[in-house]
Amino acid sequence: MSNFAELGRFLFEGIEVFSNIPYRRINDVTVHLDIYKPRNRQGVNKTLVAVHGGGWISGSKEEVLPQLFPFLTQGWSIVNVGYRLGNVALAPAAVEDVRCALRWVFSHASEYQFDPNRIVIIGGSAGGHLATLCSILPNSAGFDLLTETANNENLPELKVAAIINLFGIMDVNDVLLGVNRQDYALMWFGQQPNTQELATKISPINYVRPGLPPILTIHGNQDGLVPHQQAVKLHLKLDELGVSNQLLTIQGAGHGGFSPAQAHLLYQTIQDFLQTHQLW
């Protein structure tokens, strides 16, 4: 068990920990997730699925565990998802993995007492992209590659209860091409052909439509890695189509690294948002 997992067990002795559960094996690579759930709780439980950031090329599920402690103290179950990074598999491998992880959560809900009607997903930066995209993709988009050989037709459409997008990339072409181009995006795509077409297919902004789950977006207006305008564009489009959503702009903040006061505002906004939708 990792040091972070041990820390979680030490701080919250009432939490049951399941570490490094394999949820997918693809091209001789196994990807894992961790579960933290209240010990001895009766019945099903509200569940937070967490997706780490790192520009699709770095980061780990263990790194974000301290940020999830406020949810653990409030009785949430946590599913903390790992996925293939760019040095293992280029885009869109991470999308396929997180999509598969979400399906795993729903299909194992009874085993781990997850409430399938109260599954909320959260992610920051690249994790915000993956969390949002994988929750709103229609099956027809073609990213439900659960195994290399399985016939994945007739899968149910995924339906999370809410999405918390922390400064995530909503328009991948914007960070892949032009004035906002970022090295991390170039590294994730590599030298693949038709990168612009693929970037369009994995941009959440292109899947906004009526009937989506509520979406909370939190973004600093001085973010130098993911333009704040992406959050504004998403918010306006969601409003236009009647999707329940909220945008919190943290003034003066960059790409994460929030001050204690800003972090308090972030968590309070998340709690208020989820309470509004009867999910807290």
Side-chain angles (χ1 to χ4, degrees), residues 1-5 19-34 49-68 79-104 121-134 137 141-149 165-178 180-204 223-227 230 254-257:
M1 184 179 295
S2 70
N3 289 336
F4 284 111
S19 293
N20 287 320
I21 300 172
Y23 70 85
R24 187 181 192 211
R25 183 165 178 81
I26 188 83
N27 296 332
D28 296 323
V29 177
T30 303
V31 279
H32 303 85
L33 55 80
D34 301 329
V49 178
V51 187
H52 72 83
W56 306 294
I57 59 172
S58 65
S60 70
K61 55 184 170 58
E62 289 78 15
E63 291 176 3
V64 300
L65 179 58
Q67 301 163 29
L68 304 176
V79 181
N80 198 8
V81 177
Y83 53 88
R84 287 174 293 168
L85 301 176
N87 64 329
V88 175
L90 298 176
V95 176
E96 296 166 0
D97 289 351
V98 174
R99 182 80 170 171
C100 183
L102 259 181
R103 289 202 179 278
W104 188 98
I121 192 166
I122 186 171
S125 190
H129 162 263
L130 294 168
T132 305
L133 177 68
C134 293
L137 277 172
F143 291 102
D144 289 293
L145 306 177
L146 305 185
T147 71
E148 294 171 285
T149 59
N165 163 39
L166 306 177
F167 43 91
I169 302 100
M170 297 295 105
D171 183 347
V172 178
N173 272 310
D174 186 39
V175 295
L176 187 64
L177 306 164
N180 293 319
R181 182 173 57 188
Q182 298 289 335
D183 288 344
Y184 64 80
L186 295 173
M187 293 174 65
W188 189 43
F189 278 81
Q191 301 300 312
Q192 300 181 80
N194 304 318
T195 56
Q196 187 170 356
E197 178 183 352
L198 176 57
T200 299
K201 287 185 65 177
I202 58 174
S203 292
D223 193 326
L225 293 177
V226 180
Q230 292 206 12
H255 191 69

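Numbering starts at 1 and runs along the sequence shown.
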Legend entry - Worked verdict on V51 versus I122 for side-chain contact (heavy atoms from CB on, under 4.5 Å): CA-CA 6 Å; V51 187; I122 186 171; over 6 Å; no
Legend entry - Closest contact, heavy atoms only, Q230 versus D174: NE2-OD2, 2.9 Å
Legend entry - Nearest heavy atoms of R24 and R84, plus distance in Å: NH1-NH2, 3.1 Å
Legend entry - Closest heavy-atom pair and its distance - R103, D144: NE-OD1, 2.9 Å
Inset, instruction - Over all heavy atoms of both residues, which pair between H129 and V95 is shortest? Give the atoms and the distance, please. - result: CE1-CG2, 4.2 Å
Legend entry - Rounded distance [0.5 Å steps], CD in E96 versus CG in L137: 10.5 Å
Legend entry - Stepwise side-chain contact (heavy atoms from CB on, under 4.5 Å) check, L186 with L176: CA-CA 6 Å; L186 295 173; L176 187 64; 4.0 Å; yes
Legend entry - Contact check, side chains of M170 and N165, non-hydrogen atoms, under 4.5 Å: yes
Inset, instruction - Assess whether side-chain contact (heavy atoms from CB on, under 4.5 Å) is satisfied between I21 and W104, documenting all intermediate values. - result: CA-CA 11 Å; I21 300 172; W104 188 98; 3.7 Å; yes
Legend entry - side-chain contact (heavy atoms from CB on, under 4.5 Å) between V31 and K61, intermediate numbers included: CA-CA 11 Å; V31 279; K61 55 184 170 58; over 6 Å; no
Inset, instruction - Look at the rings of Y184 and W56 and say which category their plane angle falls in: under 30° parallel, 30 to 60° tilted, over 60° perpendicular. - result: tilted
Inset, instruction - To the nearest 0.5 angstrom, please state how far the OG1 atom of T200 sits from the CG atom of N194. - result: 10.5 Å
Inset, instruction - Look at the aromatic rings of H255 and F167 and report parallel, tilted or perpendicular, splitting at 30° and 60°. - result: perpendicular
Inset, instruction - Could you check if a side-chain atom of N87 sits within less than 4.5 angstrom of a side-chain atom of S58, using non-hydrogen atoms only? - result: no
Inset, instruction - Write down the atom of P22, the atom of T30, and the distance for their closest heavy-atom approach. - result: CB-CG2, 3.6 Å
Legend entry - Atom pair CD/CG of E63 and N80 - distance to nearest 0.5 Å: 10.5 Å
